[in-house]
Every structure is written in structure tokens, then in C-alpha cells.
Student: 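Below are the C-alpha cells for one structure; questions will follow.
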Amino acid sequence: MGAALAMPVVAVGRPAARQWLRERGFRIVAADPAGSRSYRDVDYRGPLALVVGSERRGLAREWLAVADSIAAIPMLGISDSVNAAVAGALLLYEALAQHGHEP
């Protein structure tokens with residue numbers, strides 16, 4: 001939450017966000033447990049928007065419909081998903097690794 005005090009934040013609806021991203025050449029990667037590809041196998045290079053849904057309702061179907069890739073996070077045990085913060089962190093970490101930023 002503290003980052004919101006130091007970074008610009010813009011609140012827009014989904015249609016406006018999708019339009020802005022497409023007009024500027026961004027690819028959209030959506031995180032969804034039903035995705036057909038592991039998050040490790042998705043290409044995160046180039047202009048990219050990562051979209052993660054809420055923990056209660058998941059990702060809005062509109063995002064899944066326009067996504068260039070739908071990334072799933074493989075799960076072990078009985079749980080079917082991780083929370084939104086963890087999902088976002090995993091995708092961001094993989095994106096950094098693909099851009100040559102190893103830990």
C-alpha cells in the first residue's frame with residue numbers, strides 16, 4: 001500500500017485500459033488457474049501488461065478474452081490457486097528473469 005503514495009495511480013475502467021494498452025502496442029498476459037500454459041513458458045519480453053484477478057472473483061472474463069497469453073501457476077497439493085499478490089510476484093519475477101535480471 002505504501003507504494004501508492006510514491007507512484008502515480010490512475011483509475012480507469014477495463015475498456016479504457018484495454019484500449020490504452022492496445023494503442024501503445026502492449027501485449028496482455030492474464031493470470032488464470034485454467035490457463036493452458038505454465039507461467040514459466042510465457043514470453044514476457046517487450047511492452048507488456050500483466051493482469052491478475054481478485055482473490056475472491058478471479059480475473060474478469062473480458063481480460064481473458066483479449067489476452068495474448070493466459071498463464072497458469074502450477075499448484076501442488078489440494079489448493080487450486082495462490083493469492084493475487086503471490087501470483088503477481090511470480091509473473092513479475094519471471095518477466096525480470098527473461099529480461100536478463102537474474103537474482
Side-chain angles (χ1 to χ4, degrees):
M1 239 4 235
L5 302 174
M7 296 184 69
V9 176
V10 178
V12 298
R14 283 179 278 223
R18 287 191 303 269
Q19 180 180 353
W20 189 93
L21 291 167
R22 290 299 187 207
E23 286 174 352
R24 287 156 180 82
F26 283 75
R27 287 182 309 104
I28 297 171
V29 173
D32 189 79
S36 60
R37 299 174 69 187
S38 167
Y39 78 101
R40 292 182 184 119
D41 298 329
V42 172
D43 181 3
Y44 298 95
R45 293 170 296 170
L48 180 73
L50 298 175
V51 186
V52 178
S54 72
E55 294 170 25
R56 183 174 187 183
R57 293 189 176 92
L59 192 58
R61 297 290 150 213
E62 299 99 320
W63 284 114
L64 294 172
V66 300
D68 297 293
S69 297
I70 301 176
I73 298 169
M75 300 298 298
L76 298 174
I78 60 171
S79 203
D80 66 349
S81 65
V82 295
N83 73 31
V86 171
L90 287 170
L91 272 61
L92 286 169
Y93 193 80
E94 184 62 29
L96 281 172
Q98 287 187 19
H99 282 269
H101 300 284
E102 292 296 327

Student: Quick one: list whatever passes salt bridge (charged side-chain N to carboxylate O under 4.0 Å, His left out) with D43, sequence neighbours left out.
Tutor: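 With neighbours one apart ignored, the set is R45.
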Student: Output side-chain donor-acceptor pairs under 3.5 Å for residues 62-70, partner residues at least two apart or in another chain, one line each.
Tutor:
from	atom 1	to	atom 2	distance (Å)
D68	OD2	R22	NH1	2.9
D68	OD2	R22	NH2	3.4
D68	OD2	I28	N	2.7

Student: List, by chain and then residue number, the residues other than L92 in its hydrophobic cluster (Ile/Leu/Val/Met/Phe/Trp/Tyr, side-chain heavy atoms under 4.5 Å); write none if there are no others.
Tutor: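 Other cluster members: V29, Y39, V42, Y44, L48, L50, I73, M75, V82, V86, L90, L91.
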Student: I'd like to check the side-chain contact (heavy atoms from CB on, under 4.5 Å) partners of A84; sequence neighbours left out, ordered by chain and number.
Tutor: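 For A84 the side-chain contact (heavy atoms from CB on, under 4.5 Å) partners, ignoring immediate neighbours, are V52, E55.
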Student: Please enumerate all residues that pass salt bridge (charged side-chain N to carboxylate O under 4.0 Å, His left out) together with R61, with sequence neighbours excluded.
Tutor: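 None.
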Student: Provide the full list of side-chain hydrogen bond (donor to acceptor under 3.5 Å, both in side chains) pairs with a residue in residues 25-36, sequence neighbours left out, each pair given once.
Tutor: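 Every candidate side-chain hydrogen bond (donor to acceptor under 3.5 Å, both in side chains) pair involving residues 25-36 fails, so no pair, neighbours aside, qualifies.
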Student: Going by side-chain heavy atoms closer than 4.5 Å, which hydrophobic residues are tied to I78, directly or by a chain of links?
Tutor: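 Members besides I78: none; it forms no cluster.
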Student: If you round to the nearest 0.5 Å, how far is NE2 of H99 from CD of E94?
Tutor: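 Reported value, rounded in 0.5 Å steps: 10.5 Å.
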Student: Sorted by first residue and then second, give each ring-ring contact (aromatic ring centres under 6.0 Å, His included) pair with at least one member in residues 10-29; sequence neighbours left out.
Tutor: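 Found W20-F26.
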Student: Just jot down the side-chain contact (heavy atoms from CB on, under 4.5 Å) partners of R57, sequence neighbours excluded, or say none.
Tutor: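 For R57 the side-chain contact (heavy atoms from CB on, under 4.5 Å) partners, ignoring immediate neighbours, are S54.
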